[in-house]
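Everything on this sheet refers to the single structure shown next.
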Amino acid sequence: MKSLKLTLVTGRTVEQGVEGEHGKLRDEYAEKVAVIELDSEDLGRLGVSAGSPVLVKTAHGEVVLKAIAAKGRHPGIAFAPYSPWVNVVIDSETDGSGMPTYKGIEAEICPTEERVVSLEELIRKHYGLEVDLSKLAGQEVSGGEGGEEQLIKDVVCPFCGCLCDDVEVLVKGGVIVEVRKACAIGSAKFLDHRKERALHPLVRKDGEFVKVSLEEAIEEAAKILANSKYPLLYGWSSTSIEANELGIELAELLGGVIDNTTSVCHGPTVLGVQGVGTVRATLGQIRNRADLIIYWGSNPLNAHLRHLMRYSALARGVFIKGRKDRKVVVVDVRETPAAKMADLFIRVKPGQDYELISALRMAVRELDIEAKEVAGVPVEKIYELAEIMRTAKFGAVFFGVGVTMSPGKDETIENIIRLVQDLNEWTKFVLCPMRGHFNVTGACNVSLWMTGYAFGVDYMRKFPRHDPAIWTVTELLSNGDVDAALIVASDPLAHLPKEAAENLAKIPVVVVDPKFNVTATIAQVFIPSSFVGIEKEGSAYRMDGVSLRMKKVVDPPEGVLSDEEILSLLLEKVRELRGA
Amino acid sequence: MEILIKGGYVFDPINGVKGEKLDIGVKDGKIVEASKIDERSAKVIDASGKVVMPGGVDLHSHIAGAKVNVGRLLRPEDHYISFIKAITGVKRSGTGKTTPTVAPIGYKYARMGWTTVIEPASPPLKTRHTHEELNDIPILDKACFPLVDSNWFVLDYLSKGEVEKCAAFIAWLLDAIKGYALKLVDPGVAELWSLGKGYGLDLDDEIPSFGITPREIITGLCKVNRMLKLPHSIHVHCNRLGIPGNYTTTLETMKALEGMGDGIVIHVTHAQFNSYKGDNWPALRSGAPEIADYVNSHDHVSVDIGQIMFGGATTMTADAPFEFALFHMTPIKKWAGSEVEVESASGIVPFKYKKRSVVNAVQWCIGLELALLIKDPWRVIPTTDHPNGGPFTRYPRLISWLMSKKAREEVFEKINKTAKRRSVLPDIDREYSLYEIAIVTRAAPAKLLGLEERKGHLGEGADADIAIYDLDPAEGAKDPEKIVKAFKYAYCTIKDGEIVVMNGKIAKTTYGRTFYVKSKALGEDLMKEVEEEVKQRFKEWYTIQFSNYIIDESEIRYPEPIVVGG
Ligand code: SF4
Ligand SMILES: [Zn+2]
């Protein structure tokens, strides 16, 4: 049988984002995310047509995914959206950074007769757990139609790190009927917030989910945490600062670990800044002044849809009036949609960002590079880019997980920060991480002001300690170090490498989320929560650190509490159980 | 709870009490006459043989906000080495030495007997963040100063000569973002730094984008400050900070505000960094005598010293080009730069002050010379510009240097000899009395902040913020080590009538207020007109919506507006 050796890259996509919001336990989700994008050339070489299943094998496992045709050209690279399916073949090695290896994995791909398994089958097969998804079927919140119409302006979109705050929401009789100015993903979050909702708490009794009262669910959850020797509190990037503060207090009380999703996205960025510093600017400073925008390993047209219009390439600023006043450069392993609109596209070999950055630092300093090409990029092109950078009046690099997940991880980030610091000897240059979840920047900030560290904080000794090689979600779970988990506003089972996910499935888990997610399938207790930024106010931090107040535009479903309220109850109960 | 503090030596300069044995009563969070307390039901604290003072007030300490938090991010090593453990129900945990987290900030200040602390540099756009951190600092009362010197609205109005409109903008801004006073940092520099320029910006250099000079910004904002009747004067980090020869700029800045009106019209902050003589670093000499002479002969100026403490520090300032320059001078190759649209910029560089370095040793002398040569204790405040000159936790040591020549001489033995030779410090015999210490660390800063009705004294009606130190004013005050020990761990600290520190240990976690200023000095029509203008330009200048810039009172744990000019 034909087979191909390719480099597997996983990442975020619009479909994965939208479908995830609609509910991850629906067949449509599996349909959209259990896929692998192959270049037409590779499809041809494999002799499979788009839509057929392929078997993906790596050193860590194998899984069947549906092959689809890639939109941009990237022969030799297979791209798969984050999902519980592809996790099976991901490496849990973090090289001490806490960050698993999601990108640049060697994979063998071949045609197969097998089909893509359903989520239930996947969980049975890989995690040895039986789940009856019918017990986790979301419900549409009903009622409230008709009545007064109200247009609420300047609403903050609680979806991505752009944190657009100009959204207009039309509410009629307590129901969101129209959303203006937000992008497709943002709109979907507002418009579909009533769909597929988890409306009642569940506790697993004798292996079966049973509906219980909120009091009972809180009691059960508090018992799990209070009886645990060393619990993990994970998630936190899609909820408010207020909820994060309570989460940290709970971790301190329990003597457990609190980690936010930074450890699987921009953890290396944090470590890079710890090492050498940073050069930052708010997005408005960049919009108003930057005549050079570089997207490096970031994919704004897939992950931050309004970024270009509001803050970067296409934005109208005070001194730079729009695209025509700016140069746009894209550095990526594949031709992303943004690459198509760039003045210069640099295709870097997967996993060789560090080398390219080093070469650029040499070129910026006018040193000779004794090679014809570096990281797959001809040296002339490297000098060309260095010249573009040095002659810009104000340059900005927006880097994404394409760089943080590149081998070298934090060392790669240190190198790119040094490049930007070097450039400040010539001109103005800043960099900004493209943070994904709407409040992941806030989760880092509140963690910093309360613990001194941005993520991965241990309280075993009753004071904060930090070492990403030990106290981060992937490390703790793959080493089997924790004996219970509280997951708030996150879905680790959908995103963590198999080795970590496996161990999560073995310990009692409490999930707090507005919707049933993949992690809910293995939970011991599930507590539904309201959507912060839609049904509850709270603050959140934009990717550049600007803090904004999210609004409550409609009431939450009856009986459903916010993360903040649930955590307050949990704190109270745990205190009681621990006899404090 | 009612408290009776019995038999302590009371130092309460605002009420003229100079170490007399007095009883102090506390009821409902306020100071009351001792006779009004029922001794049988009250908590009685025996303060005999101890010193009783109002709670300390720090008017310049970088404790909260985006810049401070990046400082924490930048310095994990600062957090590995210093931590406090949680005790359930009593205190929260935290870490950090020069960039402590919220809990150690509150607790360590309280343990020293300080109860009110001001964050002096907050970019308005990021002030929501500042307030969120202030909310989480236990025990202390707080406030923050917005950075205004490079704000486009300010530059635009002032360059057009529209001082009234500028005042209206400032009044609106303080209320909108819940700020307390106006902070100017190397006035105008952030605007130039947007273009990579600004290092060495002097008083009469032009900022081309607005055709304005730092002198015009300073005098303009000083006028605005007076028009609005703000409780504190403009708070100025002078131009050319950290550059040899800069004492002339500092003198010129103070001179520029002569005749602006009665009372103090400018506070020159961390003056040590702005009192340098000499053409270059190796030739660095103290300009403190000249600065002190000026302050002694003019009553429109107050200063805080910005003392450097040998050891680790984290420099952080809105003076962005200065930090970029410092980055090139330190062996610790870390630099975090940041810029905020329309408003401000900043930089952070970890630093270590060394006794053997001639520059650092001269800096050490300058701070103390300022404190000892300026005669009026109501106008010179000992600070370390935490964490720029060193952490605030070193105040007890600083106090011992002020109070004891012997303590200063001990340090002199160990510092760079050249620096010692260049300094007038060895010839200064002055030693602060405990009464003067009470002035410079509580009464004077409270007064300079315009909070003297409720802070910095122990008269009836004041907030019951009290520090009791285990120090015998007659004997103990002569022994530097006893002074350090007493101020490091207060015997008891009371905040708003609650005992928060007992025997040097945290007894209780409470949360204090955040003060901010509402000025009603200007007419409503003008205020409306300017707000409309701001709204108009906001969309073009900023990337957030006008309405989301405004911080609601509900976002602050215990908001306390100070209404002025009404
Ligand atoms: S770009 Fe992000 S924040 Fe803005 S509307 Fe879209 S999802 Fe929401
Ligand atoms: Zn300062």
Side-chain angles (χ1 to χ4, degrees), chain A residues 153-154 156 165-166 241 245 249 252-253 270 273-289 310-311 315-316 318 393-394 421 424 426-428 430 444-446 448-454 459 461-466 539 541-542 544-549 575 578 580, chain B residues 64 66 68-70 72-80 83-89 92-96 99-103 125-129 132-133 136 193-196 324 327 333-342 345 348-349 540-548 551-552 555:
Chain A
K153 290 191 174 174
D154 301 346
V156 177
D165 74 328
D166 60 341
I241 292 298
E245 288 169 328
E249 191 172 353
E252 182 188 82
L253 178 67
V270 168
V273 177
Q274 287 180 347
V276 300
T278 181
V279 195
R280 318 190 304 169
T282 60
L283 294 171
Q285 184 77 341
I286 295 169
R287 183 200 71 176
N288 289 343
R289 296 188 186 268
R310 275 175 67 80
Y311 310 124
R316 184 184 171 83
V318 175
K393 287 204 183 78
F394 194 117
Q421 288 177 334
N424 275 277
W426 273 272
T427 181
K428 293 291 293 181
V430 299
C444 287
N445 267 295
V446 61
L448 273 165
W449 82 60
M450 298 193 88
T451 75
Y453 310 109
Y459 277 102
R461 304 241 171 101
K462 288 282 177 187
F463 65 89
R465 290 190 298 173
H466 165 76
S539 53
Y541 286 57
R542 200 164 74 173
D544 59 348
V546 170
S547 172
L548 288 159
R549 189 77 185 158
R575 262 193 215 113
R578 287 263 172 115
Chain B
V68 175
N69 225 23
V70 174
R72 295 181 185 116
L73 171 61
L74 197 63
R75 305 216 58 189
E77 71 282 5
D78 189 66
H79 296 255
Y80 301 143
F83 57 83
I84 54 171
K85 287 190 177 190
I87 301 174
T88 306
R92 302 289 307 273
S93 65
T95 60
T99 54
T101 59
V102 286
L125 181 62
K126 290 190 169 179
T127 295
R128 178 171 279 111
H129 176 165
E132 281 168 352
E133 287 195 26
D136 281 347
W193 182 242
S194 290
L195 308 168
F324 188 60
F327 169 52
K333 279 276 162 232
K334 281 194 198 183
W335 165 55
S338 173
E339 291 174 49
V340 178
E341 64 211 64
V342 189
I348 308 169
V349 173
E540 189 195 333
W541 287 359
Y542 283 94
T543 47
I544 73 169
Q545 300 294 105
F546 177 80
S547 75
N548 288 327
I551 298 168
D552 193 72
E555 298 182 46

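First the proteins, then the strands, lettered A, B, ... as listed; each starts at 1.
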**Fill in**
Applying a strict 4.5 Å limit to non-hydrogen atoms, the region of A/R310 in contact with chain B is both
**Prompt:** Side chain, backbone, both or neither: which part of A/T451 has a heavy atom under 4.5 Å from chain B?
**Reply:** backbone
**Asked** Checking A/I241 against chain B: side chain, backbone, both or neither under 4.5 Å from a heavy atom?
**Response** side chain
**Message:** Looking only at heavy atoms and a cut-off of under 4.5 Å, which of A/V546, A/V430, A/L548 has the most pairs with chain B?
**Reply:** A/L548
**Request:** Could you tell me which portion of B/I87 (side chain, backbone, both or neither) has an atom closer than 4.5 angstrom to a non-hydrogen atom of chain A?
**Result:** neither
**Message:** Between B/R92 and A/M450, is the side chain to side chain contact (heavy atoms under 4.5 Å, CB included) condition met? List the steps.
**Reply:** CA-CA 9 Å; B/R92 302 289 307 273; A/M450 298 193 88; 3.8 Å; yes
**Fill in**
If you tally heavy-atom pairs under 4.5 Å between each of B/R72, B/K85, B/H79, B/R128 and chain A, the highest tally belongs to B/R128
**Message:** Below 4.5 Å, heavy-atom pairs only: which of A/V279, A/D544, A/V156, A/V270 has the largest tally toward chain B?
**Reply:** A/V279
**Prompt:** Side chain, backbone, both or neither: which part of B/F324 has an atom under 4.5 Å from a heavy atom of chain A?
**Reply:** side chain
**Prompt:** Highest number of heavy-atom pairs under 4.5 Å with chain A: which of B/T127, B/V102, B/I84?
**Reply:** B/V102
**Item:** B/K334 NZ/CZ over B/F327 ring centroid, <6.0 Å and within 45° of normal
**Value:** no
**Prompt:** Do A/R542 and B/T543 have side-chain N/O donor and acceptor atoms under 3.5 Å apart?
**Reply:** yes
**Contacting moiety of A/D165, where chain B heavy atoms sit under 4.5 Å** = both
**Asked** So which of A/T427, A/V276, A/N288, A/L283 has the biggest tally of heavy-atom pairs under 4.5 Å with chain B?
**Response** A/V276
**Asked** Quick one: side chain to side chain contact (heavy atoms under 4.5 Å, CB included) partners of B/S194, sequence neighbours excluded?
**Response** A/Q285, A/R289, B/E339
**Message:** Taking side chain as everything from C-beta outward and backbone as N, CA, C, O, which of these in A/K428 sits under 4.5 Å from a heavy atom of chain B? Side chain, backbone, both or neither.
**Reply:** side chain
**Prompt:** For residues A/W449 and B/D136, is any side-chain donor paired with an opposing acceptor at under 3.5 Å?
**Reply:** yes
**Request:** Check whether B/A86 gets within reach of chain A through its side chain, its backbone, both or neither, counting any heavy atom under 4.5 Å.
**Result:** both
**Complete:** Max heavy-atom pairs within cutoff under 4.5 Å with chain A, candidates B/E555, B/E540, B/R75, B/E77, goes to B/E555
**Prompt:** Is there a donor-acceptor contact under 3.5 Å linking the side chains of B/N548 and A/D154?
**Reply:** no
**Request:** Can you measure from CD1 (B/I348) to OG (B/S338) and round to the nearest 0.5 angstrom?
**Result:** 7.5 Å
**Message:** Between B/H129 and A/S547, is there a side-chain donor-acceptor contact under 3.5 Å, judged purely by atom types and distance?
**Reply:** no
**Request:** Using a cut-off of 6.0 Å, state whether more than 12 heavy atoms not belonging to B/K333 lie near its atom NZ.
**Result:** yes
**Asked** Side-chain donor-acceptor pair under 3.5 Å between B/D78 and B/T99, yes or no?
**Response** yes
**Asked** Which bit of B/V70 is near chain A, if near means a heavy-atom gap under 4.5 Å: side chain, backbone, both or neither?
**Response** side chain
**Asked** Non-hydrogen atoms of chain B under 4.5 Å away: do they reach the side chain of A/Q274, the backbone, both or neither?
**Response** both
**Fill in**
Okay, B/L74 and chain A: the region with an atom under 4.5 Å from a heavy atom over there is both
**Request:** Begin from the C-alpha positions of B/E341 and B/K126 and carry the test salt bridge (charged side-chain N to carboxylate O under 4.0 Å, His left out) through to its verdict.
**Result:** CA-CA 10 Å; B/E341 64 211 64; B/K126 290 190 169 179; over 6 Å; no
